[in-house]
Structures are given as structure tokens and as C-alpha cells.
Amino acid sequence: MSQTIVILGVFVADTAYRAERQPKMGETILGRSFALGPGGKGSNQSVAAAMAGGDVHFITRLGCDPFADMARATWARAGVTPEVTEDAESYTGAAYIFIEDATGNNAIIISPGAAGRISVSDVEARAELIGNAAVFVTQLEQPMAAAHRALEIARAGGAKTILNPAPAAAIAPEMLALCDYVTPNESEAEGITGLPVTSIAEAKAAAGKLLSQGVGAAIITLGENGALYHDGQQTVHVPVFSAGPVVETTGAGDAFNGGFAAALARGADPIAAVRFGCATAAISVTRPGTAPSMPTLAEVEALLARAPAALS
Ligand code: RIB
């Protein structure tokens, strides 16, 4: 049986500025540090899933420029198979990432460049790959129409489908109905459902609304409170794992999604896969950067072995 994971999404170069606070309009402030590295939610999730032992194919678009070289080198190191449409008429995108020095929390602006031009034709050209996948994952940084078409192909082929609805956007009910798993964080869950998500009880209510909109199961990631899984039959809260001091939370959601997909593709049940995703994220936040912070399979397994199987 196929264990292939196919991910559709965006690569961008992350330009990360660490500072005490964000500047106000018209103001210049001194930052504490700067780092340039590989990012983009789809690419980060691909790296996380491959580092966690998955056989990962990543569908995207790149320009023909030094950031595209960075993308290819990143995937080669992690063992991700690229499925790239080269787009000489555009550029490989970038993200501005503000990291608050005291907390490691972030705010992001992303300009996807070439990946913002991923089309339905790009997806249909990989229909066989998507249709034969064990697990298909996408997010919302590339055009919605491409994500929707890929979910249709994946569902028709029998793949388990995961939509990480980031950044938050209005999603057509027909598209939600194609998703076995939807994985928003608190603010994305609020954006999609219109319900507040400030507690585990509220997360459960928002998850219930997502189910009423046709998704198979909702997994709401809750930052330092772990994640809530709800599929209509079972509701399980997986508390956060402690893997060390938090350095940077950027990419934690990508670590979760990549780890979750890798575990599902290996045949784990969804709750075990959520635990695996949470452990992947817990390690990633102890390191700087996004793709470079993703742990190996051995590191995640070691953390899971040390952690009690606390579920509530
Ligand atoms: O989820 C983190 C990612 O979001 C960053 O790597 C940035 O590129 C944006 O896409």
C-alpha cells in the first residue's frame, strides 16, 4: 500500500527580524538580529514530514533565481522530492517575519511570488501522483482554486486529505467537505467558524461547527495548550509536550502538520498521529527558524518515549 505523502503549497525565503517590538508606521527601530532561511508553509510541512520519515513529494512553483536554489538545497537535505513548475516570468517569494524577542512569538507578511501563480493546470499535471497518495496535504498560501482541485483529485483517489487553513480565508463548503482533517490554529478556527476560540471548551464548539460544515475531523492547534481533536465520536485534548525552552514559535504549525501527515501515512491512528504532530512541534519551537528547526524521526520518538501519554 502507498505510504506516499503529497503536499501542495508554497516555498518562500524567510527574512526573520528579531526585535523588542514592531515599528510603528513611519518609525525606524533597531533590531536584535536577522536571519535568512527557507520557509513557506507547504515547504516547511514537506521538510517536517520527510525528516519524520515520510516519502514526500512537494508540488509548487519557483522562479529562476537564488531563492529557488535555496529551495532545492533545502529539499535535497531533507529528502523531499520536488515537483516544481519553473516560472521564469515571476520570482521565488519571500516572507517578512517579526519575532518578538521576549516571547519568540511572530507576525508574518508573505509574498508568494511564483507560487502565487500555482494553477489548476499545475495540479492536473500531477493528477496521477496526487491520486495515488496515501496522504495529501495543502494550505491556503497558494490560490484556493488549485487547493480545491487537488483535494478533489486526492479524495477521488482515496488519499487521506488534510487542509491546514492558513492563512485563514473563507472556504467553500464543497471544499471543506473534501477534507478528512482540517487543522487550524485558534485564530484560523475563529476566522473560519466565526466563533471565539480562547479555551478548550470553545475549541470544541468551533470544531463541532467545522464538522457541521462537512469536514471529517477537526484538529485545532492551541499553542502552549497542545491540540484538540474532534471527529464527532471522540473529542481528545492532547496537552503540549515539553522539549526545552521556547526560542521561536514560527513554523510550529507546519511542524505539527508535517509530523501528523508522516504518522498517518505510516498507518498511525489519528490520535496517535496528533500526539506525533504535537511532539514534532514541541521540538521545533526550541530551535530558531522554520524548516531548519524540524526534528528527525529519532528525536520525535525519543520525546514521545519520555512523555506520559496524557490525554483528556
Ligand atoms: O508557518 C510559518 C511560515 O509561514 C513561514 O515560514 C513563512 O514563510 C510563512 O509562510
Side-chain angles (χ1 to χ4, degrees), residues 7-18 22 34-51 58-63 67-68 70-71 73-75 77-78 80 91-100 103-118 137-144 146-147 162-169 182-189 191 219-223 227 246-261 277-278 280-295:
I7 301 184
L8 168 71
V10 165
F11 169 89
V12 291
D14 282 350
T15 65
Y17 300 80
R18 232 184 150 97
Q22 296 214 62
F34 170 78
L36 172 68
K41 294 184 195 300
S43 178
N44 294 340
Q45 292 173 17
S46 298
V47 168
M51 298 278 292
F58 180 49
I59 302 173
T60 193
R61 254 190 203 233
L62 296 175
F67 286 169
M70 181 198 287
T74 301
W75 302 330
R77 270 195 304 275
V80 173
Y91 60 93
T92 308
Y96 155 83
I97 302 182
F98 161 72
I99 302 163
E100 188 177 53
T103 62
N105 291 335
N106 63 78
I108 300 177
I109 302 172
I110 167 179
S111 293
R117 289 152 50 102
I118 293 174
V137 188
T138 193
Q139 325 72 31
L140 299 177
E141 288 185 328
Q142 76 291 315
M144 183 81 77
I162 304 171
L163 173 63
N164 173 224
V182 174
T183 59
N185 65 17
E186 300 106 312
S187 67
E188 291 149 3
I219 302 158
I220 303 187
T221 54
L222 302 166
V246 174
V247 171
E248 184 184 333
T249 60
T250 327
D254 300 331
F256 173 84
N257 279 280
F260 177 67
C278 286
T280 308
I283 298 171
S284 79
V285 299
T286 65
R287 300 167 179 171
T290 56
S293 72
M294 301 308 173

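Just so it is clear, the values below take in all heavy atoms, side chains as well, and ignore hydrogens, waters and symmetry mates. First listed ligand is number 1; within each ligand, the first listed atom is number 1. Residue numbers count from 1 along this sequence. Fair warning: this is a prediction, and the values are worked out from it, not measured in the lab.
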Worksheet item: Is the ring centre of Phe67 less than 6.0 Å from the ring centre of Tyr91?
Response: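 No; Tyr91 has its ring centre 6.0 Å or more from that of Phe67.
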Worksheet item: Can you check whether Phe98 and Tyr17 have ring centres sitting under 6.0 Å from each other?
Response: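 Between Phe98 and Tyr17, the centre distance exceeds or equals 6.0 Å.
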Discussion item. If I apply the N/O under 3.5 Å rule, does Gly40 come out as touching ligand 1?
Written reply: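 Yes, since at least one N or O of Gly40 sits under 3.5 Å from an N or O of ligand 1.
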Worksheet item: Are any of the N or O atoms of Thr250 closer than 3.5 Å to those of ligand 1?
Response: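 N/O-N/O distance below 3.5 Å does not exist for this pair.
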Number the atoms of ligand 1 from 1 as they appear, then name those within less than 4.0 Å of a heavy atom of [X], with their elements.
{"X": "Ala95", "value": "7 (C), 8 (O)"}
{"X": "Val12", "value": "8 (O)"}
{"X": "Gly39", "value": "6 (O), 8 (O)"}
{"X": "Thr290", "value": "6 (O)"}
{"X": "Ile110", "value": "10 (O)"}

Worksheet entry | Non-hydrogen atom of Gly253 closer than 4.0 Å to ligand 1 |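 False for this residue.
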Which residue and non-hydrogen atom of the protein lie closest to [atom], and at what distance in Å?
{"atom": "atom 9 (C) of ligand 1", "result": "Glu141 OE2, 3.4 Å"}
{"atom": "atom 2 (C) of ligand 1", "result": "Asp254 OD2, 3.3 Å"}
{"atom": "atom 6 (O) of ligand 1", "result": "Asp14 OD2, 2.6 Å"}
{"atom": "atom 4 (O) of ligand 1", "result": "Lys41 NZ, 3.1 Å"}

Any donor-acceptor pair under 3.5 Å linking the side chain of [X] with the backbone of [Y]?
{"X": "Thr183", "Y": "Ile219", "result": "no"}
{"X": "Thr92", "Y": "Gly63", "result": "yes"}
{"X": "Gln142", "Y": "Arg117", "result": "no"}
{"X": "Asn185", "Y": "Ser187", "result": "yes"}

Item to complete: Please assess Asp254 against Thr290 for the test side chain to side chain donor-acceptor pair (under 3.5 Å), listing each intermediate value before the final yes or no.
Response: CA-CA 8 Å; Asp254 300 331; Thr290 56; over 6 Å; no
Fill in: Option passing side chain to side chain contact (heavy atoms under 4.5 Å, CB included) with Thr250 (candidates Asn105, Asn44, Ile97, Val285)
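The side chain to side chain contact (heavy atoms under 4.5 Å, CB included) with Thr250 is passed solely by Ile97 among Asn105, Asn44, Ile97, Val285.
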Discussion item. Parallel, tilted or perpendicular, judged at 30° and 60°: which one describes the rings of Trp75 and Phe11?
Written reply: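 Rings of Trp75 and Phe11: perpendicular, over 60°.
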Fill in: For ligand 1, the portion of Val10 having any non-hydrogen atom under 4.0 Å away
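Neither; no heavy atom under 4.0 Å.
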